[in-house]
Amino acid sequence: MRLSQYPINTVKETPSEAEVISHQLMLRAGMIRRVAAGIYSWLPLGLRTLRKVEAIVREEMNRAGAFELLMPAIQPAELWQESGRWTEYGPELLRLKDRHERNFVVGPTHEEVITDIARREIKSYRQLPVNFYQVQIKFRDEVRPRFGVMRAREFIMKDAYSFHADERSLAEGYAAMRQAYTRMFQRMGLDFRTVQADPGAIGGNASEEFQVLAASGEDAIAISDADDFAANVELAPALAPAAPRPPPTQPLERIPTPGAHTIEQLAALLKVPATRCLKTLIVDGSDGTPVALLLRGDHDLNAVKAQKLPAIANPLRMASAAAVHAATGCAPGSIGPVGLTGLRVYADHAALAMADFVCGANQHDVHYTGANWRRDMPEPAGADLRNVVAGDPSPSGNGQLQIVRGIEVGHIFQLGRKYSAAMNATVLDESGAAIPMLMGCYGIGVTRIVAAAIEQNHDQRGIIWPDPIAPFNVCLVPLNLQKSPRVRGLADALYAELSAAGIDVLYDDRDVRPGVKFADAELLGIPHRVVVGERGLDAGTLEYRHRRATDSEDFAQRGALEFLRSRLQCAQPA
RNA sequence: CGGGGCAUGGCGCAGUCUGGUAGCGCAUCUGCUUUGGGAGCAGAGGGUCGCAGGUUCAAAUCCUGCUGCCCCGACCA
C-alpha cells in the first residue's frame, strides 16, 4: 500500500475523550472514530487489524469443527419472551418497535435465536453434537460505556453455541473450545491466562474466562506463583488460616473513639494495624431480616461469595441506615458482634482466627479493645466471605497468590438445559424419548481484542503490533524520495518485490520530512521498518529495525526478501 | 440512577467572573526554502460560540429550559 494514496490521518495531540492508552492510540493512529457514546466507526487502517483477528478466530473455530452461520442483529421479542429474558434482562437490552408496533430487540447475545434454529433443524441425537458460530455485531446498552472499543455499546463478538445429547459430549465440546481459544490467543501473540470464572446467573457447572493481562484491565485475577492456578477474584477461594487461634491475653475494654467510623480512622486513632480490627457489615437477608458479616479490617467483602449464602439476599445489598439502626441500635461505624442479638452472624475464616481484636461496641463512637471469640461473644458461623489478597496461600496447594489485572476477551460456559428447556428444543434419544439438548456457549470479544492487544503492546511512541494482527507488517521508508532517483528506484523495486511475495507492506512514499515518516511508522505500530536512504546506496545496504529494537542494523540489498522473511516469522502462512 | 464537569473552525484550548466587531497552537490550501527524527518564512480558507427562549442599545459572556458528551460512584451475562 502506498501511504500517499491511503486515507489516513494521524493526530499528534491526544484527544481529550480518551482515558486509556489503547483508546488514545487508536484515535491518534486513525483506526477508529467515535460516532456516539460507545459506538465507533472503524477506518480502513483499524479494519485491517480487525479482519486479521477475525480471520484467526474463524480458522481456529473451523479447525475445531464448528460451522459458521449468521443470525440477525434485530430479533423478535417473542423469542425473548419465550426464554423469559424479555423481562429478566434489564435496561442493557435495547428494545424497539417497528412501524406495526411490534416489539424487537437489538441482540446483545443470540441464545434465543440459535435455540430456535436448533429446535427446527435438529430432530435426532444422531445429528449431535454440533457447534454453530457467527461473527456478529452486538448491542448492549451499557450504563457507562468507556475506554473506547474496550467497553463499547456496539461491538463485534464471535459467539458459538454447541448442542449435545449428554453431559459427556458437552464436556468434550467445551474442552474443544477451550483448546481452540487457547490456540487463537497464542497465535495473536497475546499474554493471557485461562481463569476460573463465576457462571453467574447463567448457571451451569463450568465456566472459564480468557484474560489478557494488562494493568488497565477491569478484572482482578488471582494467580499462583507456583503452578498454573488462575481464578477471577470474584470466586477465588480464600483458605482458612492453618495456624490455630491464639489464646486471649488482653481484657475486654470499652474505649471512646470519637469520629472514628472507618477502619482506617480507627486504626490510626488507636495506633493498631487494620489486621487487628474487625469490620462488621450489615446486609439484607433473604427473608427480610438483616445479616451481619464480619471481616478482618484489611479484607474486602466478596459480594459473589456472600450472596451464595442462603440467608443473604441475592443480589447482595447493604442494609439501609434505618435497618442497621433497628438491628443494632447504632449507626454504621461503631457496630460489632459483642452483644449483637436477633440477627444471623457470619464471620470470614480469617476473622475467626483473630484474638485480642478491636471491634465496635454498638454504641455511637465507642469501640472495644481486647475482644476475643467465645470469651466475650459467641463464635459465629465461619464462611469464605472475602476477596483473596496477594500473599494468600493458593487454593491449588502450591505457592502464594498474586493479584493481577486482566481484560476479558473470551468466556466459555456449559449452559446446560436453561434455553433448550425453556424453548422446548428437544431431540429423540435412542429409545425414542424427547430430551432437551444440552448447550454450551462460547464468546469472544473481537473488537475488544484489538484494544487489549494495544494495552499490552505499546510504548511512548505508539502501538507495537504483534505480527499476526498488524495492519501492515513492513513499513518501507524511503528518505529524500522526491530528489533522489536512485532511492526511488530502489524503494519502488523493493516494494514491488515484497508485495509480490505476499507481505503486507506500507510504502511511505509521501513527500514529507523523515521525522514525520518515522513518527507515523512508530505510532501505527508497524513491527518491521526498512529505511532506504542515500547512506546505504553506495555500500549496497538497507537499514532494518524492529519496532521494539532501539538500534538499527544494516543488511544487504541483495537477498533483502530472504532477510525480511527471516524477521517476519509468523507473518507468513505456516 | 446519584455526584461533579465540559460544550467556541477538523483536533487541542483561551476568551465567560467584569456584556461592546471571536482568538491561539496543531491540521488544511498556495508559494519559496528545507530534507536521517513531528521544518522555516510569507500568505489564504474555515466558526449562526451545542439547541431554544429571555434580559439588554448590544450576549460566546447574564437568566431559564433542553440536548449531547466526559469523569467518579452505584449497577451489570
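Each chain gets a letter, A, B and so on, in the order its sequence line appears, and its residues count up from 1.
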Phe132(A) and His110(A) aromatic centres sub-6.0 Å: no
Touch class at under 4.0 angstrom, heavy-atom based, for Arg28(A) against every strand present: base
Asp520(A), nearest nucleotide to its side chain (from rU34(B), rA74(B), rG38(B)): rG38(B)
Glu497(A), CD: over 12 other non-hydrogen atoms inside 6.0 angstrom: yes
Near-ring test Phe563(A)/Tyr544(A), centroid separation under 6.0 angstrom: yes
Whole-Å distance separating the CD atom of Glu19(A) from the C1' atom of rG73(B): 14 Å
Sugar-phosphate only, base, or nothing, as touched by Arg461(A) at under 4.0 Å among non-hydrogen atoms: base
Separation between the P atoms of rU30(B) and rC71(B), rounded to whole Å: 38 Å
Complementary nucleotide of rU61(B), counting Watson-Crick and G-U pairs under 3.5 Å: none
Opposite nucleotide pairing with rG2(B), Watson-Crick or G-U, both atom distances under 3.5 Å: rC72(B)
From rC70(B), rC71(B), rC11(B), nucleotide with atom closest to Val11(A) side chain: rC11(B)
Interatomic distance where CD belongs to Gln482(A) and C1' belongs to rU35(B) [whole Å]: 10 Å
Nearest to side-chain heavy atoms of Ala37(A), which nucleotide of rC70(B), rC75(B), rG38(B): rC70(B)
P spacing across the pair rG47(B) / rA60(B), given as an integer number of angstrom: 16 Å
Aromatic plane relationship, Phe192(A) with Phe210(A) - under 30° parallel, 30 to 60° tilted, over 60° perpendicular: tilted
Pairing partner (Watson-Crick or G-U wobble, both distances under 3.5 angstrom) of rG50(B): rC66(B)
Arg513(A) vs rG38(B): side-chain N/O to OP1/OP2 distance below 4.0 Å: no
Toward the 5' end of RNA chain B, by each residue's nearest nucleotide, Val531(A) or Ile412(A): Val531(A)
Closest nucleotide among rC11(B), rC13(B), rU34(B) to the Glu13(A) side chain: rC11(B)
Sugar-phosphate, base or nothing in reach of Glu408(A), heavy atoms under 4.0 Å: base
Whole-Å distance separating the NZ atom of Lys483(A) from the P atom of rG36(B): 11 Å
Rounded distance in Å - CD1 (Ile8(A)) to P (rG10(B)): 21 Å
Leu479(A) CG to rG38(B) P, straight-line distance once rounded to whole Å: 13 Å
Integer angstrom distance from the C1' of rG38(B) to that of rA27(B): 12 Å
Donor-acceptor pair (no angle test) under 3.5 Å: Arg529(A) side chain, rG37(B) base: yes
Nucleotide forming a Watson-Crick or wobble pair with rC29(B), both distances under 3.5 Å: rG43(B)
Sidechain N-carboxylate O distance under 4.0 Å for Arg547(A), Asp459(A): yes
Rounded P spacing from rC62(B) to rU18(B) in Å: 9 Å
Whole-angstrom distance between rA7(B) and rG20(B), as gauged at atom C1': 24 Å
Integer angstrom distance from the P of rU56(B) to that of rU61(B): 16 Å
Inter-nucleotide P distance (rA22(B), rG3(B)), Å rounded: 38 Å
Along RNA chain B (nearest heavy atom to each residue), the more 5'-positioned of Glu543(A) and Ala18(A): Glu543(A)
Same-atom distance (C1') from rG9(B) to rG37(B), integer angstrom: 30 Å
rC17(B): pairing nucleotide in any strand, Watson-Crick or G-U under 3.5 angstrom: none
Lys12(A), nearest nucleotide to its side chain (from rU35(B), rG12(B), rA27(B)): rA27(B)
Rounded interatomic separation in angstrom, taking CZ from Phe147(A) and C1' from rC72(B): 11 Å
Sugar-phosphate, base or nothing in reach of Arg153(A), heavy atoms under 4.0 Å: nothing
Check: rG36(B) base within 3.5 Å donor-acceptor of Glu534(A) side chain: no
Of the listed nucleotides rC76(B), rC72(B), rU35(B), the one nearest the side chain of Glu92(A): rC76(B)
Six-ring centre of Trp80(A), Arg95(A) cation under 6.0 angstrom, axis tolerance 45°: no
Asn387(A) side chain to Asn302(A) side chain, donor-acceptor N/O pair below 3.5 angstrom: yes
Donor + acceptor pair across side chains of Asn131(A), Tyr133(A) (<3.5 Å): no
Watson-Crick or G-U counterpart of rU56(B), or none if no pair lies under 3.5 Å: none
Between P of rG73(B) and CZ of Arg144(A), the distance in whole Å: 7 Å
Nearest to side-chain heavy atoms of Pro15(A), which nucleotide of rG12(B), rU35(B), rC71(B): rG12(B)
Any side-chain donor near an acceptor of the partner, His411(A) and Glu408(A), under 3.5 Å: yes
Sugar-phosphate only, base, or nothing, as touched by Arg34(A) at under 4.0 Å among non-hydrogen atoms: sugar-phosphate
Selection from rG12(B), rC70(B), rC75(B) that lies nearest to any side-chain heavy atom of Val143(A): rC75(B)
For atom CG of Leu481(A) and atom P of rG36(B), their distance in whole Å: 13 Å
Side-chain N or O of Ser16(A) closer than 4.0 Å to phosphate OP1/OP2 of rC6(B): no
